[in-house]
Structure formats: structure tokens, C-alpha cells
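Report on the following structure.
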Amino acid sequence: MNDKLGDWKRTHRCGELTADLIGQDVCVMGWVQRRRDHGGLIFIDLRDREGIVQLALDPDRDAESHKKAEQIRNEFVVAARGKVSARPEGTVNPKMKTGEVEIEISEMLILNSSETPPFMLDEYTEVAENIRLKYRFLDLRRPALQNNLMLRHLVAKTVRNYLDGEGFIEVETPVLTKSTPEGARDYLVPSRVNVGKFYALPQSPQLFKQLLMVAGFDRYFQIVKCFRDEDLRADRQPEFTQIDCELSFVSRDDVVSVMEGMVAKVFKDAIGVDVALPMPRLTYQEAMDRFGVDNPDMRFDLELINITDLVAGSQFKVFADVAANDGLVKALNAKGCATFSRKELDDLTEFVKIYGAKGLAWVKVTEDGWQSPIAKFFTPAELEALNAKLDAQVGDLLLFMADTPKVANEALGRLRGHLGQKLGLADKSNYKFVWITDFPLLEWDEEENRHVAVHHPFTSPMEEDIPLLDSEPGKARAQAYDLVLNGSEVGGGSIRIHDQAVQSRMFELLGIGNEEAREKFGFLLDALSFGAPPHGGIAFGLDRLMMILTGADSIRDVIAFPKTQKATCLLSDAPNEVAEKQLRELGIRLRSKQN
RNA sequence: GGGGCUGUAGUAGAGUCGGUUACAACGCCGGCCUGUCACGCCGGAGGUCGCGGGUUCAAGUCCCGUCAGCCCCGCCA
């Protein structure tokens with residue numbers, strides 16, 4: 001039989017009890033981390049979200065509590081009153097924040113018992129993730145997840161305070177909204193009162209925040225759930241949280257500068273790190289040239305070097321052919337890596353194949369020159385030129401990639417990131433930001449045989465590139481920007497189109513006809529024609545930001561109730577089948593399972 | 001849609017070349033213990049080797065299929 005809480009009031013949280021409270025009578029409540037029964041003395045480590053404190057139960061002081069303590073097991077819920085006292089000489093535990101003190105218990109309640117947990121709730125036990133997810137409420141008791149979520153709260157609070165100070169107003173936008181054809185797959189919600197019609201859950205509040213600018217709110221933000229029905233990754237969940245912002249009467253630099261301030265404030269308040277402002281910037285083109293990707297990890301060099309011209313005339317057919325067919329030959333110099341084993345080189349080759357590369361050429365630079373399967377194809381003059389271009393020193397490992405520009409950049413760029421990790425150059429406590437700007441506006445989609453928007457269809461072209469929309473739309477650049485942190489895209493945004501005519505032209509370029517545009521985005525076009533101010537914005541992925549701030553390897557470790565890779569919830573067992581009655585009301589009939 | 005890794009007491013693991021009754025640790029249960037703190041000592045219980053099929057005299061081990069979790073490619077404006 002459990003004790004009743006009655007009129008007991010907690011005075012402190014367990015983790016708060018330190019030496020300056022010695023002599024005070026306190027009352028704590030929490031979960032039993034551990035009981036150490038010495039037959040006489042019993043010690044209980046009591047845990048709450050702030051930490052652990054030791055309760056000392058002496059049969060000579062309070063026989064009743066001591067007797068109760070004998071039946072206590074892990075995870076029982078306990079309330080205890082007593083005096084904070086200094087631990088006896090030689091029994092201080094320097095590993096604990098509360099290790100100088102203990103509570104001499106004079107009265108104790110067992111508020112609830114507990115089954116034996118399926119896994120130990122300590123910091124030492126590693127548990128398979130499916131078990132952790134099934135018993136998420138227990139996993140969340142462990143300090144690692146508690147700290148992550150408490151830090152997440154602190155970040156959200158800091159963001160709200162900062163944006164409020166900068167004149168932003170938080171406005172909620174609909175969760176039941178309209179499906180948009182561009183972009184990710186929508187989560188759909190059938191409408192009962194409009195049978196046969198569907199809402200979509202928002203991939204982002206994009207259109208609504210633009211409407212708020214038209215409405216004159218001037219600066220908007222929202223910490224908001226967004227939904228994308230796409231496959232999951234270590235850093236991707238089907239529902240995720242964005243810090244979504246939009247500003248009126250601003251240029252790109254205005255947006256960048258306000259947001260840099262926010263990010264710096266977050267890093268200072270959350271983890272005490274000073275971020276140097278302004279943050280560095282790279283154009284998209286420069287990022288691709290030097291790093292092969294649009295989200296470069298700036299914690300290390302290992303830059304990609306274009307050697308297409310140097311090898312175009314060489315006897316090495318693989319390189320020469322690629323050069324002759326508008327391909328790209330690029331190399332990177334892994335300093336001091338000539339010691340790599342055959343196995344390691346094979347692994348690197350396997351790695352680039354994931355990204356569609358056919359192979360990877362390597363060169364170990366030795367005292368006697370190139371040790372490499374491809375050395376024999378080059379003349380001494382070519383070797384000299386390559387060595388000079390790549391700054392090759394004895395002991396270096398040169399890696400070459402020849403392919404279409406798309407594959408060569410991506411494969412070698414990813415290899416660069418992989419090497420950075422492998423060589424220990426990607427220190428988690430080193431935070432390197434970079435803005436990527438001047439993205440292309442459009443990208444040709446082979447499958448759909450049309451242009452698609454690189455960012456989204458509401459992104460404004462660069463002023464000076466607007467004429468290109470009629471001549472060479474593929475060359476037009478966008479007023480778009482991404483914030484990249486340690487190789488991870490943590491935010492992205494753009495200056496939007498506020499001119500109805502330009503927006504119509506944009507839809508045209510995307511192969512969205514007039515009628516379709518009216519049907520899908522008529523309300524936006526209408527709004528733009530009623531005095532839309534110049535505006536732009538950005539959205540940050542709060543989950544990814546939290547991953548970096550906490551050092552988590554998985555997005556699931558910064559979300560209270562995450563989904564598995566198959567987008568299911570092992571705790572609640574969602575998604576589940578629903579009653580036939582519910583389906584009938586919605587006018588939905590399921591295809592039989594045989595088909 | 002595709003590639004890869006993992007799956008053995010409650011937990012996390014070992015299990016050799018296919019061969020006796022599947023191991024030790026932590027946890028759990030019982031007993032002892034008045035200064036421990038991942039307490040200690042003694043004793044005990046606990047197994048559909050993910051699931052299904054196959055090969056074999058014999059399968060945790062080999063083969064095929066399947067399920068689940070994870071990582072990746074595609075996908076994610």
C-alpha cells in the first residue's frame with residue numbers, strides 16, 4: 001500500500017542540494033536510482049531532473065523509515081524529509097554535484113512502487129534503440145535525454161526572447177492546409193465534411209508567412225512543426241520543428257545579419273560558445289568548386305582542385321576522355337596519408353561508388369616519385385605540373401576523380417567529408433559556420449523534362465539575372481541563402497518574389513500553366529497584387545541545430561517521441577488501422593490486401 | 001525501390017571447424033552486512049538462439065525466405 005502525498009511540499013530538487021544548505025530541513029521527491037542496504041544503514045540515491053542526492057537512513061534515527069527503505073526498489077517514487085548534513089570525513093563523493101552532503105532522513109513516504117525496469121536507467125548501460133523507443137517514458141528518465149530536452153527548451157526560449165527583441169511577432173499558421181504540388185510528398189488528411197477532399201499537413205508555413213507580410217505584420221516568426229512524407233535518415237524525421245521567420249522591407253544582408261545575431265545568442269546562452277560575427281560566406285559556385293558540395297564542412301581544408309585542363313591532353317584515357325566530354329577531373333591532397341593501406345584505399349573507392357563514381361585513382365607521393373597504378377600514363381612535365389598544382393609533398397596521398405561535373409563534385413566532395421571524419425579533423429566542439437549564397441534559381445529535371453525550383457517557386461531571382469529568365473533561365477541565380485554549420489545545413493531562406501508578374505513568369509518557367517497556378521496558388525497571386533511589400537525570410541531546423549549543440553549522432557536523441565526509420569512510433573504503435581466506421585464516414589475504401 | 005550492418009536469459013555480450021546439459025557479467029529473487037555511492041559476500045531462478053523453411057545422423061552455427069531496428073543511395077523545393 002502506497003503512502004499518500006497529503007500536505008507534504010517539496011522544498012528543493014535533488015540535484016540542488018549542495019554544501020551551502022547544510023543544517024537545513026528539506027523535503028525532496030523523486031525516483032530511486034539505487035538502494036545500498038548495509039543491513040544497518042541504508043543509502044538511497046534519489047533522482048529527479050536536476051540530479052541525484054544521497055538519502056541516509058539510520059535505524060537508530062528513524063526506525064520506521066528505515067523499515068520502509070528495506071522494501072524500496074529501483075524507480076520507486078519516494079518523498080523524504082530530513083536534515084542536509086555534511087558527509088562524514090572521507091566519505092565525500094567528488095564525482096557527484098551533491099557529493100559533499102546527504103540527507104539524514106527523519107520521515108519518508110513511498111508514493112508509488114515500480115515494476116523492475118526492462119533496462120537499467122543509468123549512464124553505463126547501452127540499450128538497443130527499439131527497446132528504448134518502446135519504453136520511451138523510461139528512456140526519457142535518463143540524464144542524457146533529459147539534458148538534451150532541457151537544452152532544447154533553453155534554445156527555444158532564447159530564440160523567442162531574441163526575436164521578440166528584434167520586433168518579431170509569433171503567429172500560428174494552419175496545420176490543416178492545402179496540398180502543394182512542388183517539393184516533398186505531403187501527409188494527407190481526409191476531410192469528413194468534404195468527402196473526397198483532403199487537407200495536407202504543411203511542409204512549411206511558406207505561403208502563410210508571406211501572406212502575413214502582405215498583411216503588414218512586418219516581422220513574423222514561429223517555432224513550428226512541419227511534415228514531409230519522405231524516407232527518414234539519421235538527421236531526418238517525418239515531423240520536425242522549424243524556427244520559421246519572415247521579414248518585410250529587407251535585403252538578403254538584413255536577413256543574414258539579424259539571424260546571425262540569433263544564432264550567436266543561442267550558442268552563447270546554450271553552450272557558452274562565442275560565435276565570431278559576421279559569419280563567412282561562400283557563393284554556391286565557389287562552394288562547389290572548392291568543396292564539391294553546397295554544405296561544406298569548414299572545420300578542415302582538404303579542398304578539391306580542378307585539374308581538368310592539366311590532364312586533358314594526357315595519355316591517360318580515362319581522364320582525357322572525361323575532359324573531352326565536358327566532364328570534370330578533380331583531385332584532393334590528403335596530407336600525410338601515403339601510409340594508407342590497400343584496404344583503406346579500397347574502402348575509399350567503395351565509398352565514392354555510393355555516389356555514382358566509377359572509381360577513384362590514388363597516388364602515394366614517395367621519395368622516388370609517384371607510387372600509383374596511373375603514374376605510368378603521365379609525362380615528367382605533366383607530373384611536375386600536377387605536383388605543383390596539388391602542392392604534393394613526400395608522404396601525401398593524392399586522390400583523383402573523373403566524371404560528369406555532378407558526380408565528380410558530389411563523390412569527391414563527400415569523400416572530403418569522409419576523410420575529415422576519418423582523420424579526426426571534424427572536432428564536435430569546434431563550430432564553423434558558413435553562409436552559402438547565390439544559388440541557382442532553377443534546375444533541369446530530366447525525369448519531368450522541365451525546370452524545377454532549387455529552393456522553392458517563390459524565391460526571387462537576383463535583380464541583374466531577371467533578363468536571363470527569358471534567354472537562359474538555367475543560368476539565373478536566386479536570392480537564396482543557406483546557413484551551413486559543420487557540414488550540416490541548419491537553415492535556409494530567400495528573398496521572395498513580391499511582384500505578381502514575376503511570380504507568374506516563374507510559374508511559367510516551372511511549367512505550371514496559368515490555370516494550374518490560379519488553382520494551386522491563386523490566393524498568393526491575389527495577395528501579391530494587393531500591395532505586397534518586398535520581403536524575405538528563413539527557416540532553421542531546430543532539431544539539426546540541437547543535434548549539433550548536444551553532440552547527438554541521431555535526431556531521435558533531441559526529440560521526445562521520435563519515429564523509427566519506417567516512420568512508426570514503437571511507443572504508441574502509430575500508425576494503426578482504423579475502424580471501418582471511420583473509413584465509411586470519410587468515404588474511403590481500402591484496396592484489398594491481395595492487390 | 002535498392003545496398004549494407006545487427007538480431008542469443010530482463011539488459012548488453014561470448015559462443016572456435018556444425019557435435020555432450022548454450023556461457024560469464026549486469027539486473028532480478030532469497031539470505032548476511034552500520035559509511036556505501038556502478039557497495040560487498042553467500043545462494044538461487046531465469047532461454048521459442050527474431051520468425052519460417054531447407055541441408056545434415058546432428059544447426060545458435062551452413063543455405064533460402066521473412067520480420068524488426070539501425071546506417072546509406074534514391075527521395076527530401
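Below, all heavy atoms of this structure are taken into account, side chains as well, without hydrogens, waters or symmetry copies. Chain identifiers are assigned alphabetically (A, B, ...) following the order of the sequence lines, protein sequences preceding nucleic acid strands; residue numbering begins at 1 within each chain.
Pair assignment for B:U20 gives none, since no Watson-Crick or G-U wobble pairing has each distance under 3.5 Å. Judged by Watson-Crick or G-U wobble contacts below 3.5 Å, the nucleotide B:A68 has B:U6 as its partner. As the counterpart of B:G40, B:C32 is assigned, both hydrogen-bonding distances of the Watson-Crick or G-U wobble pattern falling under 3.5 Å. In a base pair of the Watson-Crick type (N1 to N3 plus N6-O4 or O6-N4) or a G-U wobble (N1-O2 and O6-N3), with each distance short of 3.5 Å, B:G60 is matched with no nucleotide. Nucleotide B:A25 has B:U11 as its partner under the Watson-Crick or G-U criteria, with both atom distances under 3.5 Å.
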Dump the pairs, protein N or O against N or O of nucleotides 22-28 of chain B, anything under 3.5 Å, distances to one decimal.
from, atom 1, to, atom 2, distance (Å)
B:G27, OP1, A:Arg34, NH2, 2.7

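Between A:Glu508 and A:Ser504 the shortest side-chain heavy-atom distance does not fall below 4.5 Å. In this structure the side chain of A:Leu360 reaches within 4.5 angstrom of the side chain of A:Leu415, judged on heavy atoms. The side-chain heavy atoms of A:Glu102 and A:Ser85, taken from C-beta on, include a pair separated by under 4.5 Å.
Note: CG (A:Asp231) to P (B:C71) measures 12 Å, nearest angstrom. Taking atom CG on A:Leu41 and atom C1' on B:C32, their separation rounds to 16 Å, with Å as the unit. B:U36 atom C1' lies 13 Å from atom CG of A:Leu55, rounded to whole Å.
Between A:Tyr124 and B:A38, a base-stacking contact is recorded: ring centres under 5.5 Å apart, planes less than 30° from parallel. Here A:Phe119 does not lie in a stacked arrangement on the base of B:U11, lacking the combination of planes under 30° and ring centres under 5.5 Å apart. Look at A:His38 and the base of B:C39; the rings stack, centres closer than 5.5 Å and planes less than 30° apart.
A donor-acceptor contact under 3.5 angstrom links the side-chain atoms of A:Arg236 to the base of B:C76. Below the 3.5 angstrom threshold, one finds a donor paired with an acceptor across the side chain of A:Arg87 and the base of B:C37. Between the base of B:U11 and the side chain of A:Glu126 there is no donor-acceptor pair shorter than 3.5 Å.
Along RNA chain B, the nucleotide nearest A:Thr564 and the nucleotide nearest A:Tyr355 are compared for position; the residue whose nucleotide lies closer to the 5' end is A:Thr564. Comparing A:Ile354 and A:Asp45 along RNA chain B, the residue whose closest nucleotide (by nearest heavy atom) sits nearer the 5' end is A:Asp45.
For B:A38, one of the phosphate oxygens OP1 or OP2 lies less than 4.0 angstrom from a side-chain nitrogen or oxygen of A:Lys95. Taking side-chain N and O atoms only, A:Arg233 has a distance below 4.0 Å to OP1 or OP2 of B:C73. Proximity of A:Arg36 to the phosphate of B:U36: no side-chain N or O atom is located under 4.0 Å from OP1 or OP2. Under 4.0 angstrom from either OP1 or OP2 of B:C70 there lies no side-chain N or O belonging to A:Arg132. Distances shown here put a side-chain N or O of A:Arg414 below 4.0 Å from the OP1 or OP2 atom of B:C73.
Here A:Glu102 lies in heavy-atom contact (under 4.0 Å) with a base. Across all strands shown, A:Glu129 has heavy atoms under 4.0 Å from sugar-phosphate atoms exclusively, and none from any base. Across all strands shown, A:Arg556 has heavy atoms under 4.0 Å from sugar-phosphate atoms exclusively, and none from any base. A:Val452 comes within 4.0 angstrom of no nucleic acid atom, judged by non-hydrogen atoms across all strands. A:Ser204 comes within 4.0 angstrom of a base, heavy atoms only.
Comparing B:U8 with B:A24, their C1' atoms sit 14 Å apart, to the nearest whole Å. Look at the C1' atom in both B:A12 and B:U20: the space between them is 28 Å, to the nearest Å. Remark: the separation of the P atoms in B:G46 and B:C39 is 26 Å, to the nearest Å.
The distance between the ring centers of A:Phe227 and A:Phe240 does not fall below 6.0 angstrom.
Each of A:Asp482, A:Leu483, A:Val484, A:Asn295 was checked for a side chain to side chain contact (heavy atoms under 4.5 Å, CB included) with A:Val490, and the lone residue meeting it is A:Leu483.
Each of B:C72, B:C37, B:C70 was ranked by its minimum atom distance to the side chain of A:Ala234; first place goes to B:C72.
Inspection of the A:Gln203 and A:Asp186 side chains reveals an N or O donor paired with an N or O acceptor under 3.5 Å.
Taking 4.0 Å as the cut-off between side-chain N and carboxylate O, A:Arg477 and A:Asp465 count as a salt-bridged pair.
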Would A:Thr349 and A:Asp346 count as a side-chain hydrogen bond (donor to acceptor under 3.5 Å, both in side chains) if you check the C-alpha gap in whole Å, the side-chain angles of each, and the deciding distance to 0.1 Å?
CA-CA 5 Å; A:Thr349 305; A:Asp346 287 347; 5.1 Å; no

Output a table of donor-acceptor pairs, distance under 3.5 Å, between side-chain atoms of residues 92-100 of chain A and any protein atom two or more places apart or on a different chain; print 'none' if there are none.
from, atom 1, to, atom 2, distance (Å)
A:Asn93, OD1, A:Lys95, N, 2.9
A:Lys97, NZ, A:Gly15, O, 3.0
A:Thr98, OG1, A:Ile52, O, 2.6

